[in-house]
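Have a look at the structure below, then the notes.
So that the names make sense, note that chain A is the first sequence line, chain B the second, and so on, each numbered from 1.
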Amino acid sequence: MTFALVDANNFYVSCERLFAPQLEGRPVVILSNNDGCAVSRSAEAKALGIGMGRPYFQWQKLAEQQGVVVLSSNYALYGELSARMMRLLGSLSAAQEIYSIDESFLRIPVQGDAALLWGHSTRRRIRKELGLPVCVGMGPSKTLAKLCNHWAKKGRGTEGVCDWDSIPATQKARWLQKTPVDAVWGIGRQLGVRLGQQQIHQVMDLLRANPVALRHRYGVVLARIHKELQGVSCLPLEQVPPKHRHIQCSRSFGHATEKLADLEESLSVHTQRCAAKLRQRGQMAQGIHIQIRSSPHRGCYYSGVAFRRLARPSNDYRELWSAVKAALAEAYRPGVRYVKSGILLSDLQDMDAPETRSLFIPETDAPECRDKKQADLTDVLSRLQKRYGKAAPGFGVAGLRAPRAWSMRTDKRSPRYLSEWSDIPVVRAGYSTTTSSAPTSRKAASTIADSFSSKP
DNA sequence: TCTGGGGTCCTAGGACCC
DNA sequence: TCTGGGGTCCTAGGACCC
């Protein structure tokens, strides 16, 4: 039995290129929310030295000089393409774990040469049917499949597919000696530094290290990674995603603000998103944490946090909101330039879980006696939100669409080709624009039309 | 001027139990 | 006068992932 890891190459960039083929071969970078940092880079952009997670303002000049195409992230587009890729992968394997928006662990019932064949044919199908470039790594454990995926992306002669058991011994030794230890899944920067202090620099050093000493010095996580690297599978395929234990909604502001009213508005939006997520997942929350903070990159950093526990679990906006508002009053300090607010819900439980009644809450307040009108209102609002998305009515100030001080900046976003009727590409003559200038939906749609116009 | 968002897991330390 | 041993649970903080 073999684990496979299929991972899209610079996924967000590849999604954008699918609808804008003129971006092929050009340096492209996708920015995080608020146009803050680089989160996806084409090979050409990586070659220019634009690092993952680097703030935009630090390389903006370089980008302008080098003609880098810079886009805001378009999650509606990436989410839809991800769903299509996952469906296709599910149909090509015995079992599937969707690990992130652009990668999937799979169990495949073949080994050796047959595994390599499977890898190449899967890669071709995704390219042909979805237009997305992917790499395939395979091995007897998830960690080795991950490592092979890394080699499939970097190694010469792999053609995007690498299987642990099929790598010739000398080649394998060379790669293990060349690959830094923090390229291994689960070993980040800190652990990499600590391992370096013990003269463990490359993956080969780690493989040869004493497992007892590793366990003692670095804990169970590294001990498990070590086992996995030796081909002993310790991490099962998680076909059914475990229920979430927290729900989080937070956003940085487009501009800093000192006003309590701005914080209230943004937190009200987060509360509604949290409530919607809860209902979507069939859950209720009892613990509510809020955070408001200034920029950690400036002097006088302030982070205000506060916690409230509801008398009973809820997913009703108004119950959550009254707790959030009280928490905000506690966390707020005047005169601070706030740049971010957020909510974290904890103590989640299923809606259909039997409720432990409180001795101190009157029977008339039990769920079956709760105000029927309130339940009806929530129900209608969720249905409207499901149908109309962001345009649906909401509570209080949160539903207003006019940009506020705290609204995000996303002025470089491409059209939502796959989820908005108005953004579907149409063929119209007479436009020509570059995608690096901020495209409105229409303009960019026409750009795309230009690039497709030779194929009616 | 300008630095994302949403998760999980592990560990250490303290409070508490009998 | 003298006060052990073996647990659980919770929380905060840190590290990791994409």
OH of A:Tyr12 to OG of A:Ser414, rounded to nearest 0.5 Å, is 12.5 Å

For [Y], is there an ion pair with [X] - N to carboxylate O distance below 4.0 angstrom?
X        : Y        : answer
A:Lys146 : A:Glu103 : yes
A:Lys153 : A:Asp7   : yes
A:Glu264 : A:Lys259 : no
A:Glu97  : A:Arg107 : no
A:Arg127 : A:Glu159 : no

| field | Side chain to side chain, A:Val29 and A:Trp59, heavy atoms closer than 4.5 Å | value | yes

So the stems of DNA chain B, runs of at least three Watson-Crick or G-U pairs (under 3.5 Å), are B:5-18 with C:5-18

Given [options], which nucleotide is nearest the side-chain atoms of [X]?
X       : options             : value
A:Cys37 : B:dG5, B:dT8, B:dT3 : B:dT3
A:Asn33 : B:dG6, B:dT3, B:dG4 : B:dG4
A:Gln58 : B:dT3, B:dG6, B:dG4 : B:dT3

Could you check whether [Y] and [X], counting side-chain N and O atoms only, form a donor-acceptor pair closer than 3.5 Å?
X        : Y        : value
A:Ser100 : A:Asp102 : yes
A:Ser40  : A:Asn10  : no
A:Ser268 : A:Tyr317 : yes

Taking only residues at least two apart or on different chains, which pairs with a member in [range] satisfy side chain to side chain donor-acceptor pair (under 3.5 Å)?
range                       : value
residues 282-300 of chain A : A:His289-A:Ser346, A:Gln291-A:Ser303
residues 320-345 of chain A : A:Ser266-A:Ser341, A:His270-A:Ser341, A:Arg308-A:Glu330
residues 75-86 of chain A   : A:Glu16-A:Tyr78, A:Ser73-A:Tyr75, A:Glu80-A:Arg84

Integer-rounded Å distance: [N] [atom2] and [X] [atom1]:
X        : N      : atom1 : atom2 : answer
A:Lys146 : C:dC17 : NZ    : P     : 9 Å
A:Gln60  : B:dT1  : CD    : P     : 14 Å
A:Gln248 : B:dG6  : CD    : C1'   : 5 Å
A:His289 : B:dG6  : NE2   : P     : 15 Å
A:Asp35  : B:dG4  : CG    : C1'   : 11 Å
A:Arg54  : B:dG4  : CZ    : P     : 13 Å
A:Asn34  : B:dT3  : CG    : P     : 7 Å
A:Arg298 : B:dT3  : CZ    : P     : 7 Å

Correct closest heavy-atom pair for A:Leu31 and A:Lys412 would be CD1-CE, 4.1 Å

Looking only at heavy atoms, the pair that brings A:Ala306 and A:Ala331 closest together is CB-CB, 4.2 Å

Sorted by number, residues from residues 333-348 of chain A placing a heavy atom under 4.0 Å from DNA chain B are A:Lys340

Within residues 274-282 of chain A, the residues having a heavy atom closer than 4.0 Å to DNA chain B are A:Lys277, A:Arg281

Of A:Thr2, A:Thr122, A:Leu92, the one forming a side-chain contact (heavy atoms from CB on, under 4.5 Å) with A:Ile108 is A:Thr2

Per side-chain contact (heavy atoms from CB on, under 4.5 Å), A:Val134 is matched among A:Arg124, A:Arg125, A:Arg123 by A:Arg123

Across all chains, not counting sequence neighbours, the ring pair (Phe, Tyr, Trp, His ring centres under 6.0 Å) partners of A:Trp151 are A:Trp175

Expressed as a whole number of Å, how far does the P atom of B:dC2 sit from that of C:dC18?
-> 30 Å

Problem - Residue-phosphate contact under 4.0 Å: A:Ser252 side-chain N/O, B:dG5 OP1/OP2 - result: yes

What does the list of N/O pairs under 3.5 Å between the protein and nucleotides 9-15 of chain B look like, with a distance for each?
{"residue": "B:dT11", "atom": "OP1", "partner": "A:Val220", "partner atom": "N", "Å": "3.4"}

| message | Under 4.0 Å, heavy atoms only, any strand: does A:Arg273 hit a base, just the sugar-phosphate, or nothing? | response | sugar-phosphate

Note: contacts of residues 77-104 of chain A with DNA chain C (heavy atom, under 4.0 Å) are A:Tyr99, A:Ser100, A:Asp102, A:Glu103

What residues 182-190 of chain A contributes to the DNA chain C interface at heavy-atom separation below 4.0 Å is A:Val184, A:Trp185, A:Gly186, A:Ile187, A:Gly188, A:Arg189, A:Gln190

Between A:Arg293 and A:His244, the residue closer to the 5' end of DNA chain B by nearest nucleotide is A:Arg293

Residue pair A:Gly36/A:Ser250 against DNA chain B: nearer the 5' end by closest nucleotide is A:Gly36

In short, ring-ring contact (aromatic ring centres under 6.0 Å, His included) pairs touching residues 179-198 of chain A with sequence neighbours left out are A:Tyr99-A:Trp185, A:Phe105-A:Trp185

side-chain contact (heavy atoms from CB on, under 4.5 Å) filter on A:Asp205, not counting sequence neighbours, yields A:Ile200, A:His201, A:Gln202

